[in-house]
Amino acid sequence: MPPLEPSTPVQYVKGIGPRLAEALADKGIRSVDDLLHYLPFRYEDRLNPRGIAELRPGEMATVIAEVRNSGLFRTRRMPIFQMTAGQGRQTLQCLWFHGAYLQDKFQPGQLVALYGKVELDRKGRMQIIQPQFEMLGDPNGNDSSEEGAKDGIPQVAATSLEVGRIVPIYESAMQGRLTSRWFRRIIRGALENLTPDLPDPIPEAVRRRIGLIAPRDALWKVHWPDAGESLTDLQAARTPAHIRLIFEELFLVELGLEMKRKRQKAETGIAFGLEDRVREAIKKILPFHPTSAQKRVLGEIAADMGKPSPMRRLLQGDVGSGKTIVALQAAIIAIENGYQVALMAPTEILATQHYLSARRILESAGYRIVPLTGSMDDSLKRDVRRHIARGNVQLVIGTHALIEEKVEFDRLGLVIVDEQHRFGVMQRLKLMKKSADRGHPETAERGSATPEPDVLVMTATPIPRTLALTLYGDLDVSILDELPPGRTPILTRRVPDGRADEVWAFLRKQVTAGHQAYVVYPVIEENEETELKAAMKMHKELSKRVFPELCVGLLHGRLDAEEKDAAMRRFERGEINILVSTTVIEVGVDVPNATVMVVEHAERFGLAQLHQLRGRIGRGAAKSYCILMTGGKVSEEGERRLDAMVRTNDGFEIAELDLELRGPGEFFGTRQAGLPSFRVANLIRDRQLLEAAKREAQAVLAAPNGDISQEELTRALHCMRQRWQSTYGLVEVG
Ligand code: ADP
Ligand code: MG
């Protein structure tokens with residue numbers, strides 16, 4: 001057999017074949033390279049498996065023993081599966097709650113490796129509850145365990161891969177049919193047949209600077225660590241082998257992003273003029289003194305807009321930091337240059353609110369603004385679209401209707417996307433493409449390429465700068481890190497359900513003092529109907545029983561647009577004292593007179609979401625209060641979320657914790673963010689490596705002739721393209 005190349009399809013690896021290759025594809029394993037980057041999620045020290053007699057309660061231990069007997073017994077609360085394993089006269093009890101699925105698993109006499117926390121049971125015997133386990137072939141090397149042969153899954157010759165060393169543990173696949181043990185042997189075989197000359201995408205100089213071991217070496221050691229390797233480093237993915245693989249992955253990602261950025265800079269955009277007349281116009285609309293952060297950020301945006309390449313900028317700023325006015329100022333730059341601007345918001349409520357405030361701020365200066373949302377009636381939409389196409393309108397504010405329906409612009413110059421975390425990147429891309437559909441007539445006539453409009457994306461879910469640069473790698477990043485003056489910090493408290501009466505009394509006091517309040521209910525999609533009913537029921541309860549003398553409004557996603565609008569308007573005008581709402585008010589809603597937010601079942605909300613909700617208050621000079629009510633038992637993670645909310649108002653701090661609690665996949669919704677999940681890297685754990693990778697990628701591209709040969713550069717770029725194509729799919733790079 002010829003040696004395996006990294007690009008060889010995985011089906012040609014010994015023991016796989018077409019059918020299993022298909023199952024592996026579901027795990028993202030298509031090539032030999034993918035297979036070799038399917039890393040153990042844990043390692044077990046079976047160098048020195050423990051004797052049962054020497055176990056100590058409280059320790060984590062691996063024990064290799066023989067199955068003696070097993071069985072399911074039922075307690076009042078749940079079925080428990082029990083298995084006794086033995087070494088000579090010593091025995092160890094193993095218990096699995098709800099373990100009925102294990103019934104046919106253990107045959108007396110089989111060898112099994114068990115891993116878990118050792119405890120004493122009530123009778124003082126050693127036991128492990130819910131141990132991880134693995135059936136071992138019999139000690140003579142005849143593999144008779146069930147996993148090898150079951151369901152026609154091919155058998156791989158048993159070796160001593162299971163004991164007497166540090167053993168890699170893999171996540172199983174195919175509903176557990178491809179076991180950790182199966183992976184161990186398949187990957188071992190692939191390593192043994194791997195081509196001896198594995199190309200290294202990382203230039204020598206970089207390798208030296210970071211101190212990286214060779215790729216082949218890394219692959220072997222990450223799967224089969226040397227006996228002396230630190231178990232702690234292995235579990236933390238901090239061995240030289242791990243670091244090499246992680247750095248390599250991040251380096252190639254960063255290289256791709258840098259290329260993309262370079263290419264973008266080479267595209268034809270619009271160089272907006274920034275002469276005094278334009279500067280005057282920007283200043284004229286300001287209803288207040290901008291904060292110095294606002295000035296700085298506007299400066300960054302204006303500088304981008306003045307350049308002939310298209311702007312791709314992400315503006316991060318905590319809730320209430322004043323992003324809207326900065327966006328409107330950017331809009332004026334475009335408009336004063338004779339271009340149109342599209343501003344998109346993720347919800348109708350927010351779009352409408354932006355529309356109204358933009359009109360307040362801009363219309364007196366003579367700018368023409370229209371709304372465009374999905375719920376407007378068709379003839380009105382047609383009208384609006386006609387005006388946009390003819391260039392009668394300068395600023396269009398809407399929801400995705402802007403991208404999803406056929407909107408043609410006459411001269412689109414700037415696209416602003418608010419609360420980007422609510423939009424998928426795909427939508428963002430679509431909007432950018434759309435803007436390119438219709439060219440700028442003058443340049444079109446001149447025969448040059450259609451200029452790309454500038455794009456400004458805003459988000460109130462801030463993330464650390466390097467992460468932002470990587471995740472939205474094609475964007476430059478600006479940060480609004482200052483709140484407008486005159487805000488009193490919000491006081492946040494937790495209150496159990498049982499003390500609702502005190503909360504309502506407090507609400508009444510605030511309303512009597514002339515303020516307004518929100519009461520928010522979670523609506524969780526799977527359970528929308530019941531949750532909605534809860535909000536409606538509560539509305540009734542509050543309006544009829546608790547606050548009969550006050551005006552209590554109701555707002556939720558199922559109302560039609562006009563009803564939502566009406567409720568918002570009445571709340572803004574102060575006619576509604578207390579607004580009972582679902583999370584539709586999460587983003588953007590701005591009513592400075594609202595000083596209290598009560599969140600019911602706060603434990604059910606995500607951290608970022610709670611912070612966004614809280615951002616609806618504390619917008620005026622009066623002191624604001626956020627009351628997080630909790631009912632029933634709160635999970636440990638829930639506790640940490642609530643604690644964080646009580647402890648800090650800082651959106652950046654909250655975002656970091658949220659990222660930590662949820663993990664990057666869920667936090668970013670990687671799919672939607674346009675980046676795939678990484679094979680070996682973890683954006684939080686490996687943040688420092690990410691920074692180094694970014695730095696090195698930039699250095700390699702900036703000075704290709706320094707200490708890096710042309711050949712090395714070519715190889716790095718080649719590997720990068722391959723990686724991007726196979727792993728990051730649709731994203732194409734230079
Ligand atoms: P966000 O960044 O959350 O979108 P907004 O743009 O909605 O924040 O601004 C929050 C509130 O702060 C608005 O009422 C806005 O008018 C006000 N605001 C923004 N900038 C300033 C400023 N420099 N001085 C005073 N108030 C400001
Ligand atoms: Mg906003």
Side-chain angles (χ1 to χ4, degrees), residues 282-301 313-332 343-362 364 395 397-399 416-423 456-463 477-490 515-516 518 568 571-574 583-595 597 608-622 624 626 649-652 654-655:
I282 298 174
K283 282 205 197 115
K284 224 169 64 193
I285 62 143
L286 276 176
F288 31 62
H289 285 295
T291 63
S292 53
Q294 283 171 322
K295 277 192 226 161
R296 187 192 68 236
V297 166
L298 179 67
E300 291 165 0
I301 294 171
R313 187 166 282 277
L314 172 69
L315 170 52
Q316 299 199 120
D318 206 348
V319 268
S321 58
K323 295 184 287 294
T324 317
I325 193 73
V326 176
L328 292 180
Q329 290 182 297
I332 289 175
L343 194 166
M344 288 209 303
T347 64
E348 294 224 349
I349 291 179
L350 185 53
T352 310
Q353 178 150 339
H354 274 328
Y355 168 67
L356 294 174
S357 68
R359 241 180 46 184
R360 238 181 352 253
I361 296 173
L362 301 182
S364 61
L395 173 59
I397 299 181
T399 50
I416 301 167
V417 184
D418 193 16
E419 305 297 348
Q420 109 88 23
H421 62 287
R422 288 299 210 86
F423 283 110
L456 176 65
V457 174
M458 305 196 286
T459 176
T461 306
I463 50 179
V477 178
S478 286
I479 296 181
L480 265 187
D481 49 7
E482 185 186 346
L483 292 182
R487 302 266 170 92
T488 14
I490 302 166
H515 300 304
Q516 290 164 281
Y518 299 96
M568 267 326 289
F571 190 62
E572 275 171 359
R573 286 197 299 263
T583 48
V584 288
I585 56 148
E586 178 185 337
V587 286
V589 170
D590 184 27
V591 178
N593 190 43
T595 56
M597 165 154 300
Q609 205 177 15
L610 283 174
H611 183 64
Q612 288 286 321
L613 282 169
R614 179 169 61 181
R616 300 311 114 221
I617 56 170
R619 296 183 158 244
S624 289
C626 175
N649 271 310
D650 180 339
F652 283 84
I654 287 192

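Only this structure's heavy atoms are used, side chains among them; waters, hydrogens and symmetry mates stay out. Note that ligands are numbered from 1 as they come in the structure, with each ligand's atoms numbered from 1 the same way.
Close N/O approach between Gly320 and ligand 1 is found [any backbone or side-chain N/O within under 3.5 Å]. Some N or O of Gly322 is nearer than 3.5 Å to an N or O of ligand 1, by distance alone.
Residue contact check for ligand 1: Asp318 places a non-hydrogen atom closer than 4.0 Å to it. Ligand 1 lies nowhere less than 4.0 angstrom from a heavy atom belonging to Gly317.
In terms of heavy-atom proximity, Glu482 sits nearest to Ala293 at OE1-N, 3.0 Å.
Shown in contact with Thr324 at under 4.0 Å from a heavy atom are these atoms of ligand 1, numbered in order with element: 4 (O), 5 (P), 6 (O), 7 (O). Near His289, meaning under 4.0 Å from one of its heavy atoms, ligand 1 places the atoms 22 (C), 23 (N), 24 (N). Numbered from 1 in the order shown, with element, the atoms of ligand 1 that lie under 4.0 Å from a heavy atom of Ser321 read 2 (O), 8 (O). Listed by number with element, the atoms of ligand 1 under 4.0 Å from a non-hydrogen atom of Val319 are 3 (O). Proximity to Thr291 (heavy-atom distance under 4.0 Å) selects the following atoms of ligand 1: 23 (N).
Nearest-heavy-atom check against atom 23 (N) of ligand 1 across Gln294, Arg619, Gln316, Arg360 picks out Gln294.
Residue contacts with ligand 1 for Pro290 involve N, CA, C or O but no side-chain atom from C-beta outward (heavy atoms, distance under 4.0 Å). With a 4.0 Å cut-off on non-hydrogen atoms, Asp418 does not touch ligand 1 at all.
Two residues are said to be in side-chain contact when any heavy atoms from C-beta on lie closer than 4.5 Å; Asp418 and Met344 fail this criterion.
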